[in-house]
Amino acid sequence: MVTGVEISPREAEVLELVGAHLSNAEIAARLCISVRTVESHVSSLLRKLEVPDRRALAQRAPEPAGAAPSHPAPVLPAPLTSFVGRVSERAELAEMIKAHRQVTAVGPGGVGKTRLALAVAAEAADEYSDGVWFVDLVPVTDPDLIATAVAGAVGLGEQPGRDMTESVVAALADRHALLVLDNCEQVVDGVALLLERLLATCPRMTVLATSRARLMVPFERVYPVPPLSLPVDGESDAVALFMERAAAVGQSLDPALRDQIASICERLDGMALAIELAAVRCSTLGLDGITAALSHPLRMLTGGSRADERHRSVRGALDWSHALLEPADRALLRQVSVFVAPFTAMAAAEVAGGEEGIVAEGLARLAEQSLLVVTASPGGTEYRALETIRQYGVERLSEAGELVDARSRHVRWCLAKVAELSVAREDWRARFDAAADDLRAALAWAADQPEQRTDAYRLAWGLAELTFIRNLIGESQGRYEQAAALADDPAAGASMLRHAAAVAGCRMHGDDMYRLHRAAADAARRSGDTAGAACDLATAAANAYRFSGKFVRKLPQEEAIALITQARELAGDDPAAQAAVALAEAGRALTEIGAAPGLNDNAVPMTIARAERAVELAHRTGDPLAESAALDTLTCAQSWAGDTFAAAGTARRRITLLLSTSDTPAGTHELIEALGEATEASLGTGDLPGARRWARQLADHPLLVEVGHRATGWLLVADALAGNVEEILTGSVRFLDAWQQAGSPARSVLGPPAAAVATIHGLRDDQDAWREWSAVLNQLDPSPGNTYGYGAIFDAMLLLHRGQAPQALERLAPEPGEVWQWVTWIWLHWYVALRAETAVLARSSDAGDRLAEARTVVAGNPVATAIVERAQALLDNDQERLLATADAFDTAGCRYQSARTLVLAGGDHAARGAAALAGLGFAPMALPRHP
């Protein structure tokens, strides 16, 4: 219960996590429920607690009784061994991250930077209301993937329309959190670029980095991590660590031996890794044996700076520890150093060679000597080497002349893993995530080896496909481009570039889509495929017409015409090329109509004929994606002609065609666009159940999970027109959260959903929420579409509910022909029908004429026809005919208009209508007022 309001246990959990500023997706992951379930609980809480938005809801989240303010649990790796000492260092570093927004713990490999940073982060967790996250950058070899690693740690996905860095920065903009970036040295330049943007944009973020060198970024404060303290007055962290680790392997040491242990630690310069390596040998060598073994290699550690000596101390301890291994175990340590992520005994056996059982025994022995770390995972026991040890193993591989062979076997293992993941279904995401870093590392090496070019191409191609399925679409585009660059055959390169262009389309990056199709055309021509080049050039032009909203640079008309001309010259008699050229020409004609000040009697039929010809040619090729693109253009041409039902039929035909295609990037791009188009078409014809069906598929599409404003937009419109208040309150939370997280972009396509939500709040008489959403609408879309199109329709609905018929009449004053560009397609029937109804309710002298005109336009649209019939019944004072329209609205799935009809009917019917409106969540409706 919250301040006397009854909420369920699950709602209480959701409320607490909302208070912790988690997103719906993060709450869903934390509670193991779906995002839609979270949305439903959030909506219920908004209603029960009577607060207008999520921010106010977060303020109502209670603190646990008798406890400090709750915070998300820090997302830090669990140490497998105890942390020893460093009291003063922990205190100093903790104070630094309180005082400064970016601190870098700097020191040589093996000094203990990571463990110190983890200890400080764990202790400071309660200071950060939005959480603490740890990012291991060891597996990251490409600076462009640093943001991907951060997103993975934080639990974010990529937002189409933004690269991953933009997505991360936007998501963390208002977070009060600590981010730990570990092992920055190998991608220091990329880390520096990310931190500059992150710290400039996210004022409440603190970053603690570990690196062998400072990052050289603004805000940075450097903390040099010292070695473990050596004996002073009997106290020594180094000695304590040695004794702790020796005891862990069964060799408890007499405190009287502390001086001898201290001598060993001094030889090792207090370097934590070197001390641990020595301590685990205590049970077999004893202190005397360790002292003797260390004496020889460490005689070389003289001269140079103290920091250099510490580097060599760790190297000397590694040399010594390595020399004590059996030859087979030395070889195994070298071979497994090619893995950058945790690996299993089976994987090690495949890369190192040998039987799995024998390899598993060798891995166990290496783990006993602290050369490998062992962890349990759902997939079984996993091993990994600390980065310093892994780098040492790679050096040994090179010295032994085995590096190329070991890397090549690792590449082959990765290719096998790609093939396995391509057909896997169970636990696919976890299995991909476990292998992804090794796939990337293997590709990074192979791409630089001329003799590995073929395998590198195959690996880049496979990784491109897998990352697309994983919704890492920015990386997917990059991998397809990388595969194109690695392809020996220009034709294969052209194919990869076409895939990359399709991914760019999914990402809302129209300029990249254009660039990549142009590049594909060049590659096709190099391969001698002039018809393929023609397809690419024509597609580049057609996409500029079809997806103009995805472009930053508007393609000049003369440039598009030149592309079409060139494509036509190259097409010859190739059917696919001719179909692509026909589509581009239809797109050009359609764009010219849309830009015209008024309809041309000949232009529209000619454009429809062009589009139909493009569909026919595409159908002959047997390519469903080419046919889908042509159907899209035909749908638009039919909508410009005002043939709403033909356009809707074409849109449905397109969906039917695409539902049987594979989940390729191009197929996914077409399907997402087609689902939106089918939803719009259903809205335009008054098929509200159909609109909700297609819109729900769009909202649930995995590629749109991080862009809830795009995913839910048309579903909100359909629900608003149907009068589904609960669904609006639920979906609008996701819409607003996602839009704000995306940086609150101004996009006209997002205007109708905002207008729909504002109208529903107005119908509920929630003035604060109505004003908030009206402000969102004005920020989203100040275009004429808002002023004269959908905005006028939703405003009229609200004015009529309030009994302000004359004002509604004024809002819809322009003739449809005057505003055809903004009402054609979805809104024409709604505009015409509501315009006729306002004329009747406002007692306009031309009401009869408007009704007659409207009846012809909306024929076949069940909702718009019912609105017109209701208006006619009111004009004729025909009660029986009026009540019949209530049934018509119910049949069409439009509960709001059904209840409104009953109120307009008056008498006992009005009471039933008022009760129905109240049951739906609407405020009482006022009858028309006249001067």
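All values below were derived from every heavy atom in this structure, side-chain atoms included, with hydrogens, water molecules and symmetry-related copies excluded.
Arg654 and Asp632 are joined by a salt bridge, as a carboxylate oxygen and a charged side-chain nitrogen come within less than 4.0 angstrom of each other. Contact check on Lys550 versus Glu673 returns a salt bridge, with a Lys/Arg side-chain nitrogen under 4.0 Å from an Asp/Glu carboxylate oxygen.
The local environment of CD in Glu399 is crowded, with over 12 non-hydrogen atoms from other residues, nucleotides or ligands closer than 6.0 Å. Around the NE2 atom of His701, the shell of radius 6.0 Å holds more than 12 heavy atoms that belong to other residues, nucleotides or ligands. The number of heavy atoms from other shown groups lying within 6.0 Å of CZ (Arg429) does not exceed 12.
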The test is side chain to side chain contact (heavy atoms under 4.5 Å, CB included); show your working for Glu166 and Asp163 and say whether it passes. CA-CA 5 Å; Glu166 292 171 326; Asp163 63 26; 3.1 Å; yes
Applying salt bridge (Lys or Arg N to Asp or Glu O under 4.0 Å) to Asp455 and Arg412, what does each step give before you reach the verdict? CA-CA 8 Å; Asp455 282 347; Arg412 290 195 292 275; 5.7 Å; no
Please walk me through it: do Val351 and Val336 pass side chain to side chain contact (heavy atoms under 4.5 Å, CB included)? CA-CA 7 Å; Val351 171; Val336 298; over 6 Å; no
Report the C-alpha separation of Arg409 and Gln335 in whole Å, then their side-chain angles, then the decisive distance to 0.1 Å, and conclude whether the side chain to side chain donor-acceptor pair (under 3.5 Å) test is met. CA-CA 10 Å; Arg409 288 193 298 274; Gln335 301 293 330; 2.4 Å; yes
Apply side chain to side chain contact (heavy atoms under 4.5 Å, CB included) to residues Val168 and Val154 and explain how you reach the verdict. CA-CA 9 Å; Val168 167; Val154 175; over 6 Å; no
Does the side chain to side chain contact (heavy atoms under 4.5 Å, CB included) test come out yes or no for Leu198 and Val150, once each step is laid out? CA-CA 11 Å; Leu198 190 68; Val150 174; over 6 Å; no
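At distances below 3.5 Å, at least one donor-acceptor pair connects side-chain atoms of Arg453 with backbone N or O atoms of Leu486. Side-chain atoms of Asp182 do not come within 3.5 Å of backbone N or O of Phe134 as any donor-acceptor pair. Between the side chain of Gln186 and the backbone N or O of Leu137, at least one donor-acceptor pair lies under 3.5 Å. When atom types are taken as modelled, the side chain of Ser628 and the backbone of Pro624 share no donor-acceptor pair closer than 3.5 angstrom.
Screening Arg396, Arg390, Glu395 for a side-chain hydrogen bond (donor to acceptor under 3.5 Å, both in side chains) with Tyr392, the sole residue that qualifies is Arg396. When the options Glu481, Glu475, Gln477 are evaluated for a side-chain hydrogen bond (donor to acceptor under 3.5 Å, both in side chains) with Arg479, the one that passes is Glu475.
With values rounded to the nearest 0.5 angstrom, Thr148 atom OG1 is found 8.5 Å from Asp144 atom CG. Distance check, rounded to the nearest 0.5 Å: CZ of Arg568 to CG of Leu537 gives 12.0 Å. Here CZ of Arg334 is found 11.5 Å from OG of Ser398. Values are rounded to the nearest 0.5 Å. For the atom pair Leu372 CG and Glu382 CD, the distance stands at 12.5 Å (nearest 0.5 Å). Residue Ile473 holds its CD1 atom at 10.0 Å from OG1 of Thr467, rounded to the nearest 0.5 Å. If you take SG on Cys535 and CG on Asp529, they are separated by 8.0 Å, rounding to the nearest 0.5 Å.
Aromatic rings of Trp413 and Phe339 (six-membered ring for Trp) have centroids within the 6.0 Å cut-off, being under it. Checked against a 6.0 Å centroid threshold, the rings of His669 and Phe547 count as neighbours.
Closest heavy-atom contact between Val138 and Val340: CG1-O, 4.4 Å. Closest non-hydrogen pair, Val135 versus Ala153, comes out as CG2-CB, 3.6 Å. The nearest pair of heavy atoms linking Ser337 to Val394 is OG-N, 3.3 Å. When all heavy atoms of Arg518 and Ala540 are compared, the pair lying nearest together is CD-CB, 4.3 Å. Here the closest non-hydrogen pair linking Tyr545 and Ala584 is CE1-O, 3.6 Å. Counting all heavy atoms, side chain and backbone alike, Val187 lies closest to Val140 at CG1-O, 3.5 Å.
Below 30°, between 30° and 60°, or above 60°: for Tyr457 and Trp461 the angle between ring planes is between 30° and 60°, a tilted geometry.
Contact annotation: the side chain of Leu703 approaches that of Asn471 to within less than 4.5 Å [non-hydrogen atoms, C-beta and beyond]. Side-chain contact between Trp445 and Ser408 is present, with heavy atoms from C-beta onward closer than 4.5 Å. Inter-residue side-chain proximity for Leu318 and Thr388 is flagged as met; some heavy-atom pair is nearer than 4.5 Å. In this structure the side chain of Arg470 reaches within 4.5 angstrom of the side chain of Asp433, judged on heavy atoms. The shortest side-chain heavy-atom distance between Gln697 and Leu671 does not fall under the 4.5 Å cut-off. Using a 4.5 Å cut-off on side-chain heavy atoms (C-beta onward), Leu193 and Asp189 make no contact. Residues Asn183 and Glu185 form a side-chain contact, since some pair of their non-hydrogen atoms from C-beta on lies under 4.5 Å apart. Taking the side chain as every heavy atom from C-beta outward, Thr381 and Leu363 never approach each other to under 4.5 Å.
Listed by chain and number, the residues in a salt bridge (charged side-chain N to carboxylate O under 4.0 Å, His left out) with Asp438 amount to none (sequence neighbours excluded).
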